[in-house]
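A short write-up of the structure that comes next.
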Amino acid sequence: MKILIVGKGGREHALARALKDSPSHPEVYACPGSEGMAAAARPVPGIPDIAALIAWMRHEEVDLCVAGEEAWLARGLADACQAAGIPCFGPPMKGAQLESSKIHAKEFMTRHRVPTGGFEVVESAEACRAAIRAYPAVLKYNGLAAGKGVAVCTGPDMAEEFIDSVFTRKQFGEDRVFVEEFLEGKEVSVICAVSDGEALYFTPARDYKRLKENDEGPNTGGMGAVASRQLLPKETIERIQREVIDPTLRGLVEDDLNYRGFLYFGIILTREGPKVLEFNCRFGDPEAQAVLPLIEGDFAQFLLKAAKGEIDPGLIQFNEGWCITLVLATRDYPRSSGSGDPIHGLDAVTDGRVYHAGTRKIADGGFETNGGRVLAVSQTGATREEARDAAYADLAKISFDGAQFRTDIGTLHFE
Ligand code: GLY
């Protein structure tokens, strides 16, 4: 079996490794992929657009396309695969709107009674100010904004800064904004494989979005993650299934979205119950790097069947233990990304997993930094402490000038 993954980051490296490790031994490619993930997926660089990608997959007789990044889906990757008769695990454009338009997602949730925070759509700075009734106030830009389209404002100064960036400077484009009810509680990411109204949920995970310990500092693309079947009590999982996942699946069918792909539920566990903060139409990053090492069985066959319309839970199993993922970022991340610093110690990590995101191969065969979040290490263990100690031991073997990482992944939120 030949599989093509679309994307190039740590999430795609984790997908590649999980697919490559499948007992059916598929040949795995990644477009564009990267040299850092080449041992798991052969890179396919230089493909300019979806038409060229389809032509390449036809020529190579690819059996399955797996969408890693959302941008290709929003541009119609799955629709083009369908037209070409190539099974694709990733939703068509209409389904991908659940991520590419936050207002569309909120309206979907309202229509299908999926619990979420109250919201009011606004189209001007004045209307936005008027819609803020209390602080903290959550302001969200509707479209894709590279993770910068959400502001949790503790006071009017922060709100004015966001209003200025959206309505005056039009930093993200010309789209609308909505003011959302501020919700309190622990957050959890639940990612499902969905196919025609059926779903299997992967091991629940929690990501650490802030740069610094104690969830301080600026928001990032994720500084680490924890995954385990033990992360949530059984009753909470059942409630998420009943109140969040089931009505969402019914909604996908009722709205005729032909949804086959990963569906990411960003959930907050409030006192009234679980509520959805966001949907994403792909796996989470860095959740993928923590969730996928816990999968056993034939992930490749599972995704191929799911892309053809059948969820077959017998094909994969979930390790009951823990996985901890730690991200190493460059000196000035997230203000700017860095490059050109040699990375030392990669070969010293022998039994763990190193997932490349922002790295580049250099002449001596080693790697240097090439992006804000450089790589992640993941380790599994029967207990959270075991996984955490092993992950931090691996992290200590790898270094580059100015490396930033958090020391409380897998500790904070477990007190
Ligand atoms: N970890 C959050 C996301 O993937 O969107």
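Atoms within each ligand, like the ligands themselves, are counted from 1 in listed order.
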Take the angle between the ring planes of F202 and F262 and call it parallel below 30°, perpendicular above 60°, tilted in between. tilted
Quick check on contacts: which atoms of ligand 1 are under 4.0 angstrom from a heavy atom of G284? 4 (O)
Near N280, which atoms of ligand 1 are under 4.0 Å from a heavy atom of that residue? 5 (O)
Please indicate whether any nitrogen or oxygen in D207 is less than 3.5 Å from any nitrogen or oxygen in ligand 1. yes
Write out the residue and atom name of the closest protein heavy atom to atom 2 (C) of ligand 1, then the distance separating them to 0.1 Å. Y264 OH, 3.3 Å
Quick one: which ligand 1 atoms are inside 4.0 Å of a heavy atom on E287? 1 (N), 2 (C), 4 (O)
Shortest reach to atom 3 (C) of ligand 1 by a heavy atom, considering only R11, E99, R282, K209: R282
Take the angle between the ring planes of H356 and H13 and call it parallel below 30°, perpendicular above 60°, tilted in between. tilted
What orientation do F299 and F302 show, parallel under 30°, tilted 30 to 60°, or perpendicular over 60°? parallel
Residues passing the ring-ring contact (aromatic ring centres under 6.0 Å, His included) test with F167, sequence neighbours excluded, are none
Do K212 and M223 touch side chain to side chain, with heavy atoms closer than 4.5 Å? no
